[in-house]
Amino acid sequence: MPRLSEAIAALDALWPPGSAESWDAVGTVCGDPDQEVSRVLFAVDPVQETVDEAVELGADLLVTHHPLYLRGTTTVAASTFKGRAVHTLIRNGIALHVAHTNADRADPGVSDALAGALDLRVVRPLVPDPADPEGRRGLGRVCELDPPLTVRAFAARAAERLPATAQGIRVAGDPEALVRTVAVSGGSGDSLFADARAAGVDAFLTADLRHHPVSEARAQNPLALLDAAHWATEWPWCELAAAQLDEISDRHGWGLRVHVSKTVTDPWTFHSPSPGAPN
């Protein structure tokens, strides 16, 4: 079995911490570098539900996409919900490691996993990483859809293929327009509207779309916008990441048991449609 420091070195090679955005908080949150790791759990959110799942599973390492302390803290007191998560992890000998925007930019990364879940063929990054001479890393992905589908049919595919959430898929655009090319970006993506327009795609699927950016984007371009739940667009990365660690474990003879959390940590719990609303 590897030590935690060896497992983290392997994860950092997949998602180099230096490629994360300057505002991000990635890396190891807690854990003894010398402890042995035999079981790993991947999840989107480091919340109490996934921490408890790691305890029940007997995991030694919890790897999440979202940071626990993105803006820093002055306390890990168990009287706070984040402090309670830290106490639970340490008490049970479980390390926590975060791969956030460094996993977004990776090749393959979060948006590759999202494209794969939607059966799209990745062509290139939506926003290439200037530090990558091969042009494979970066934010989002530009993809092809073969055969083409209408916006309505593509939205139905996304609703079927992505994990079920209360939100489902919201769409801004002509439901009968034909989609041949798609940009995807796991997580919040309305800051990438200009990049999606510049890519010349027919549709852009992402999460956390807001009223004014969507309204302005639609006024500038007929690009169809598909808004999925944030958690749902990033969960496919957990399966990709687990498969990557499995391959590393096999190569090194580590014998790791790698799991993916299926606990739904999307914060929205139900959706009540407006009577007579467009569908």
Side-chain angles (χ1 to χ4, degrees), residues 1-12 14-104 110 163 165-167 186-188 207-208 229-235 237-238 241-242 245 256-270:
M1 289 185 292
R3 292 178 299 163
L4 175 63
S5 58
E6 294 173 296
I8 296 304
L11 298 182
D12 284 348
L14 293 174
W15 318 300
S19 66
E21 298 285 352
S22 59
W23 49 263
D24 206 359
V26 302
T28 305
V29 178
C30 64
D32 181 349
D34 291 325
Q35 76 182 65
E36 288 188 334
V37 174
S38 64
R39 195 182 293 268
V40 182
L41 177 66
F42 282 88
V44 174
D45 295 303
V47 292
Q48 194 65 43
E49 291 88 340
T50 53
V51 169
D52 290 343
E53 183 178 357
V55 172
E56 184 176 352
L57 186 65
D60 309 292
L61 172 60
L62 172 62
V63 181
T64 65
H65 183 51
H66 289 151
L68 179 64
Y69 291 107
L70 183 58
R71 293 176 176 83
T73 186
T74 59
T75 178
V76 291
S79 56
T80 66
F81 69 93
K82 292 188 178 185
R84 184 161 65 95
V86 172
H87 278 253
T88 304
L89 289 165
I90 294 175
R91 187 184 309 117
N92 289 277
I94 303 171
L96 173 62
H97 186 77
V98 174
H100 192 211
T101 53
N102 47 330
D104 289 334
V110 172
T165 60
Q167 172 180 318
S188 304
D208 295 343
H230 189 121
W231 173 83
T233 64
E234 294 180 329
W235 184 84
W237 171 79
C238 294
L245 183 56
L256 290 177
R257 287 163 291 179
V258 183
H259 305 262
V260 174
S261 172
K262 291 182 170 57
T263 301
V264 177
T265 54
D266 183 77
W268 304 104
T269 55
F270 74 95

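Note that the coordinates shown come from a computational prediction; the quantities given were computed from them, not determined experimentally. The analysis underlying the following values was restricted to heavy atoms, covering all of them including side chains, and did not include hydrogens, waters or symmetry mates.
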- Task: Could you pull out the closest heavy-atom pair between Leu62 and Ala43, with the gap in Å?
- Result: CD1-CB, 4.3 Å
- Query: Out of curiosity, Thr28 OG1 to Leu4 CG, how far, rounded to the nearest 0.5 Å?
  - Reply: 6.0 Å
- Item | Euclidean distance, Asp60 CG relative to Leu89 CG, rounded to 0.5 Å | 12.0 Å
- Item | salt bridge (charged side-chain N to carboxylate O under 4.0 Å, His left out): pairs with one or both residues in residues 67-94, sequence neighbours excluded | none
- Task: Taking all heavy atoms of Leu68 and all of Val98, pick out the closest pair and write down the distance.
- Result: N-CG2, 4.4 Å
- Write out all pairs satisfying salt bridge (charged side-chain N to carboxylate O under 4.0 Å, His left out) with one or both partners inside residues 41-56, taking only residues at least two apart or from two chains. none
- Note on the structure: Hits for side-chain contact (heavy atoms from CB on, under 4.5 Å) against Ala103, two or more places apart or cross-chain, chain-then-number order -> Trp15, His65, Ala99, Val110, Trp237
- Least distance between heavy atoms, Val260 atom then Ala242 atom: CG2-CB, 3.6 Å
- Non-neighbouring partners of Ala77 that pass side-chain contact (heavy atoms from CB on, under 4.5 Å), sequence neighbours left out: Thr75, Ser79
- Message: I'd like to check the side-chain hydrogen bond (donor to acceptor under 3.5 Å, both in side chains) partners of Thr88; sequence neighbours left out, ordered by chain and number.
- Response: Gln48
- Query: Going through the checks in order, is the side chain to side chain contact (heavy atoms under 4.5 Å, CB included) test met by Trp235 and Thr165?
  - Reply: CA-CA 12 Å; Trp235 184 84; Thr165 60; over 6 Å; no
- Task: State, to 0.1 Å, how close Ala229 and Ala207 come at their nearest heavy-atom pair, and which atoms those are.
- Result: C-CB, 4.0 Å
- Query: Looking at CE of Met1 and CZ of Arg39, how far apart are the two atoms once the value is rounded to the nearest 0.5 Å?
  - Reply: 11.5 Å
- Query: From Leu245 CG over to Leu11 CG, what is the distance, rounded to the nearest 0.5 angstrom?
  - Reply: 5.5 Å
- Query: How many angstroms lie between atom SG of Cys30 and atom CG of Leu96, to the nearest 0.5 angstrom?
  - Reply: 5.5 Å
- Item | For the student: nearest non-hydrogen atoms of Pro163 and Ala232, plus distance | CD-O, 3.7 Å
- Results of side-chain hydrogen bond (donor to acceptor under 3.5 Å, both in side chains) for Asn102 - residues two or more places apart only: none
- Quick one: salt bridge (Lys or Arg N to Asp or Glu O under 4.0 Å) partners of Glu21, sequence neighbours excluded? Arg105
- Note on the structure: For His97 and Ile8, the nearest pair of non-hydrogen atoms, with its separation, is ND1-CD1, 3.4 Å
- Contacts of Val264 meeting side-chain contact (heavy atoms from CB on, under 4.5 Å) (sequence neighbours excluded), chain-then-number -> Trp231, Asp266
- Distance (rounded to the nearest 0.5 Å) between His259 NE2 and Leu57 CG: 4.5 Å
- Partners passing side-chain hydrogen bond (donor to acceptor under 3.5 Å, both in side chains) against Thr101 (at least two apart in sequence or in another chain): Asp24
- Set of side-chain contact (heavy atoms from CB on, under 4.5 Å) partners for Glu6, sequence neighbours left out: Pro2, Arg3, Trp254
- Query: Considering residues at least two apart in sequence or located in another chain, which fulfil the side-chain hydrogen bond (donor to acceptor under 3.5 Å, both in side chains) criterion with Asp208?
  - Reply: Ser188, His230
